[in-house]
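Position 1 is the first residue of the sequence, and the numbers go up from there.
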Amino acid sequence: MLSAQERAQVAQVWDLIAGHEASFGAELLLRLFTVYPSTKVYFKHLGFCPDETQLLTHGQRMLEAVGVAVRHMDNLRAVLSPLADLHAQVLRVDPSNFPLLIQCFQVVLASHLQGEFTVEMQAAWDKFLTGVSVVLTEKYR
Ligand code: HEM
């Protein structure tokens, strides 16, 4: 459960990246595939080129879903339910991949926002993304 201050910090970070969903999302995927090559098995159809349309499209979809989660922090379970079904029952993504994505997400934020991405913002964002991941992986059980 995020405090009021943590929620404000998550929203502040989102305001800085909103509008750049495709490019940030594609960079996030590229970092994930490069740093943790085992994650690439789920995305055989994607390449490694930062301006590849499919990579940008998937990056945009993924970040738009994060944007929806930011707007519905109180209701994550309900808004993310279809995505949770997809990842657990259709895609069967192993839950151990989620912390890897969270780590790469923070590196993308830090590299772009630099000093604007404060220690407190990182802590709040980590907590928020962990909450999103809990919801996306709980239907495995
Ligand atoms: C598809 C979001 C984590 C693998 C998707 C879609 C969204 C999404 C919005 C598209 C759904 C649709 O087309 O209806 C997220 C979010 C995540 C997350 C918000 C975590 C914060 C992961 C992880 C993996 C993964 C960790 C595996 C390493 C996939 C795959 C697809 C997918 C393989 C299908 C891609 C395709 O059809 O082209 N995800 N995802 N996701 N996700 Fe995730």
Heavy-atom donor-acceptor pair, Asn75 side chain to His72 backbone, under 3.5 Å
no
(message) Could you tell me if the side chain of Val132 sits less than 4.5 Å from the side chain of Phe98, heavy atoms only?
(response) no
Using only atom types and a distance under 3.5 Å, with no angle test, would you say the side chain of Lys40 pairs donor to acceptor with the backbone of Leu46? yes
Whether Glu27 side chain and Phe24 backbone form a donor-acceptor pair below 3.5 Å:
no
Leu91 meets the side-chain contact (heavy atoms from CB on, under 4.5 Å) criterion, sequence neighbours left out, with Leu86, His87, Val93
Discussion item. Quick one: does any side-chain atom of Arg31 pair with a main-chain N or O of Val107 as donor and acceptor, under 3.5 Å?
Written reply: no
Query - Ser81 side-chain N/O to Ala78 backbone N/O, donor-acceptor pair under 3.5 Å - result: no
Original post:
Under a 4.5 Å cut-off applied to non-hydrogen side-chain atoms, are Phe33 and Leu55 in contact?
Top reply: yes
Donor-acceptor under 3.5 Å (Thr39 side chain, Tyr36 main chain): yes
Considering only distance and modelled atom types, tabulate donor-acceptor pairs under 3.5 Å from the side chains of residues 56-71, sequence neighbours left out.
from: Thr57; atom 1: OG1; to: Thr53; atom 2: O; distance (Å): 2.7
from: Gln60; atom 1: NE2; to: Glu64; atom 2: OE2; distance (Å): 3.0

task: Evaluate ring pair (Phe, Tyr, Trp, His ring centres under 6.0 Å) for Phe117 paired with Trp125, printing each intermediate quantity in order.
output: CA-CA 10 Å; Phe117 189 53; Trp125 194 254; 7.6 Å; no
Notebook entry, point to check: Do the non-hydrogen side-chain atoms of Asp85 and Val90 ever get within less than 4.5 Å of each other?
Noted result: no
**Study point:** CA sep, side-chain torsions, deciding dist, call: Glu6, Met121, side-chain contact (heavy atoms from CB on, under 4.5 Å)
**Key:** CA-CA 8 Å; Glu6 287 164 339; Met121 280 177 175; over 6 Å; no
Hey, is CD on Gln5 packed in by over 12 heavy atoms from elsewhere, all under 6.0 Å?
no
